[in-house]
Amino acid sequence: MEAMALSFTFSGIPPLRTTSNLSSKFCISCSLAKTLDKPLFSAPTNSTSNAPLNSAQSNSTHKPFKIARRDAIDGIKTASDLESALQRAEGILQVEDYNIVLRYFCESKKWSHFSQLFEWMQAHDEFNVGSYSTYFKYMGLSRNPVKALKVYDNIKDVEIKLHPSVCNSVLGCLVRNGRTESALKLFDQMKSDGLLPNLVTYSTLLTGCSKLKNGYATAMELLKEIKAQNLGMDSVIYGTLLAICASNNRREEAELYFQQMKNEGHSPNLFHYSSLLNVYAEDRDHTKAQMLINDMKSVGIAPNKVVLTTLLKVYARGGLFEKSKELLAELETLGYAQDEIAYAILIDNLAKQGKLDEAKKIFADMNEKCVKSDGYSHMIMISALCRSRLLEEAKQLAKEYESKYAKYDDVVILNTLLRAYCNNGDMESVMQMLKRMDEVGISPDWNTFHILIKYFSKEKLYHLAYKTIEDMNSKKHQLDEELCTSVMIELGKAGYPSEAFSVYNMLRYSQRKLQKSLHEKILQILVAGGLLKDAYLVTKDFSESISDRSMEKFARAFMKSGNVNLINDVLKSYHQSRKKISPEIFNIAITRYFQRREKKELLLHLLRWMAGQGYCVDATTRNLLLKNAHLFGSKQIIADILANQQVANSKLNGRSKSRHNKK
DNA sequence: CTAGGGTTAG
């Protein structure tokens, strides 16, 4: 079991997103015809000399050539042996022809042929800017940003390397594959190498920003650059900006850009409206949302399924459930409610606003109507049931989901099921979920760790909880202080002080503000567990957060069994923070030195230091010292120091009131 | 067709 909790694989590869819009935009035969027609029918500059006379002849000599080219292209497209097909085509095809085939290979997803052809083109010096742009674009589509970067790095021709379309396509490749950070870095490099970025460059990078968690600020930086360079704005840029505003809840800015865009003469399309509507949905502003829909209709844009579904979200989030249900009915009539989305929105909001029974009813209705479902509404219901602590029902539904859909392809699904099983204490199913997660190759996120730690802790599997905290920390997830602190305490109680200390350190170095009481808690655990040196380090760094009682308890424990070489250091540090070491503690320390006669220098050092600070030993200790002084071979020295201590002590007596002042 | 964007559910 332990092994399982630790066996998460973190491949770091973002989940695949399907990109299916390529083929529809792409028409091989059109592009083929265009490219082949160009050299044959475009007016040649020297046409006067041969045009009328040779037109018939020209047709007859070129036609076979045109056919030869087409054949050669087809030959490469369909070749099983690409190399020999390319050899046969040599001298017949031009760069543009190779580019056509390159695009064809991509469209038909023949990635190996695609790469092979591109390499061949490089080797035979048959490439232009377009070849590279195409190559990088398709490297983006085939999710191969690393390769793209390698190829880009190896471009020797500066003209190509700094050509905007080449740069843009490389940046686009990175952005598409979730590497916005490196795209931004590369962009800076390109600029300092001499790239003159254009609107497409910025639009590409802005798209990347929309995928970053804190991308809004970066987006604004890029926007400044666009302004500084007077590149102007177009409706694509506005589209991206509105999407960024929507996902960052920037209502005012979204409204501003929307207006600005209209002022500059760009008519907003369905998507621009949709993004703005999203902002209103987040804000639960149904009035503005309704106005926007009306505005949209008045300019002749019919709200589609997505827009109407978003409107339903506005109503539902705003608690307007009657209106929501009316709109749902309308969506049903329009045929826009064939899938579960609208139902899911309504169910979620009903449940979140305390109307679980109504939510259940909509869920049941939906299932009766045989609405197409991928299991999302199950997820929503399971979460809702867990929140309401209807744990048995939640588990039932989780099992139903598993048997009905058996879909585990994202972390939210796995977390939801995991939570349902954890809440029920169904260990077997929990472990099954973890195994699934591993098999599917999904990285646990913050929630996964949190659910598991809570569960292991509840089940008193503190060591597993500890291992999971360790794992969470190493994956750079912010630790939950409250949860980790409780695990830390339990680890202490269960006799695992060093694990507890390790949890403490993870919290301590997690760069955020912590409860002051944390330090005292770990100190108590360390003292009880005999990890006195670690305890010493805690007291040194956080003495202000530690109560006098705990401090004293620590000091006693340390004098009694801590590292004898550190006794004086501990006392000095204690003195620095408190200035009131009790005679009893000194007594324990000195008794300790009696057991270790070879440490007599340390003892003498301590006695002198005590005198200097105005401390004196109590009567018992004093007698003990004098009686045993000969054992240290320093009878006279000890007597002298003790005499000094008394003097010092009587001198300092009057100052004892001011000892609260630290340092 | 040398490069860029967009909306809904957990």
Side-chain angles (χ1 to χ4, degrees), chain A residues 22 25-35 96 99-100 102-104 106-107 127-138 140 160 163-173 175-176 197-210 234-247 268-279 281 303-314 316 331 336-337 339-349 351-352 373-384 401 410-417 419 447:
Chain A
L22 178 68
K25 284 185 182 175
F26 199 68
C27 170
I28 283 290
S29 53
C30 302
S31 91
L32 186 68
K34 252 191 203 165
T35 322
E96 264 319 304
N99 286 350
I100 289 164
L102 205 55
R103 288 193 292 270
Y104 166 79
C106 175
E107 193 207 8
F127 57 83
N128 58 18
V129 164
S131 320
Y132 275 101
S133 301
T134 303
Y135 179 76
F136 292 132
K137 176 178 172 181
Y138 293 144
I160 291 182
H163 192 285
S165 73
V166 173
C167 293
N168 292 347
S169 61
V170 176
L171 296 173
C173 169
V175 163
R176 187 184 280 271
N198 57 24
L199 254 198
V200 177
T201 322
Y202 286 107
S203 150
T204 305
L205 294 171
L206 281 173
T207 306
C209 291
S210 71
D234 64 12
S235 84
V236 174
I237 291 267
Y238 278 118
T240 315
L241 271 179
L242 284 169
I244 292 174
C245 288
S247 58
N269 64 19
L270 184 80
F271 298 108
H272 296 105
Y273 276 104
S274 194
S275 289
L276 187 54
L277 186 62
N278 259 319
V279 177
N304 66 356
K305 170 176 175 272
V306 173
V307 169
L308 289 178
T309 307
T310 309
L311 184 62
L312 187 139
K313 178 174 154 183
V314 184
L331 283 165
Y336 288 166
D339 66 36
E340 62 188 328
I341 298 179
Y343 299 94
I345 293 171
L346 187 52
I347 292 170
D348 190 37
N349 283 285
K352 280 180 178 157
S373 166
D374 290 327
Y376 279 118
S377 39
H378 271 73
M379 290 299 125
I380 292 168
M381 278 306 297
I382 293 168
S383 304
Y401 173 90
D410 82 46
V411 73
V412 181
I413 293 175
L414 284 158
N415 285 348
T416 307
L417 298 172
R419 188 182 287 119
N447 283 307

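Sequence lines set the chain letters: A, B, ... in the order given, protein chains first and strands last, and positions in each chain run from 1. Computed over heavy atoms, backbone and side chain alike; hydrogens, waters and symmetry mates excluded.
- When rounded to the nearest whole Å, the span between CG of Leu308(A) and P of dT8(B) equals 14 Å.
- Between Lys313(A) and dA9(B) there is a side-chain N or O to OP1 or OP2 distance below 4.0 Å.
- Looking only at atom types and distance, the side chain of Asn278(A) has no donor-acceptor partner in the side chain of Ser275(A) under 3.5 Å away.
- Of the listed nucleotides (dG10(B), dA3(B), dT8(B)), dT8(B) has the atom at the smallest distance from the side chain of Thr309(A).
- Nearest nucleotide to the Ala243(A) side chain, out of dT8(B), dG4(B), dG6(B): dG6(B).
- When each of dG10(B), dC1(B), dG5(B) is scored by its nearest atom to the side-chain atoms of Thr207(A), the top-ranked nucleotide is dG5(B).
- Residues passing the side-chain hydrogen bond (donor to acceptor under 3.5 Å, both in side chains) test with Ser383(A), sequence neighbours excluded: none.
- For the OP1/OP2 pair of dT8(B) and a distance below 4.0 Å, the side-chain nitrogens and oxygens of Asn278(A) include at least one atom meeting the criterion.
- In this structure, Tyr336(A) places its OH atom 18 Å from P of dT7(B), rounding to the nearest Å.
- Heavy atoms of Thr310(A) sit under 4.0 angstrom from primed sugar atoms or phosphate atoms, though from no base atom.
- Nucleotide dG6(B) is shown with a syn base, its glycosidic torsion being within 90° of 0.
- Rounded to whole Å, atom P of dG6(B) lies 16 Å from atom CG of Asn304(A).
- Although no hydrogens or angles enter the test, the distance criterion places no donor-acceptor pair under 3.5 Å between the side chain of Ser377(A) and the main chain of Ser373(A).
- Every residue meeting the side-chain hydrogen bond (donor to acceptor under 3.5 Å, both in side chains) condition with Asp348(A), not counting sequence neighbours, appears here in chain and number order: Lys352(A).
- For Lys137(A), whose side chain is taken as the heavy atoms from C-beta onward, the closest listed nucleotide among dG6(B), dA9(B), dA3(B) is dA3(B).
- Distance CD1 (Ile380(A)) to C1' (dG10(B)): 5 Å, rounded to an integer number of Å.
- Contact annotation for Asp374(A): no contact, since no heavy-atom pair falls under 4.0 Å across all strands.
- For the pair Tyr138(A) OH and dC1(B) P, the computed distance is 8 Å after rounding to whole Å.
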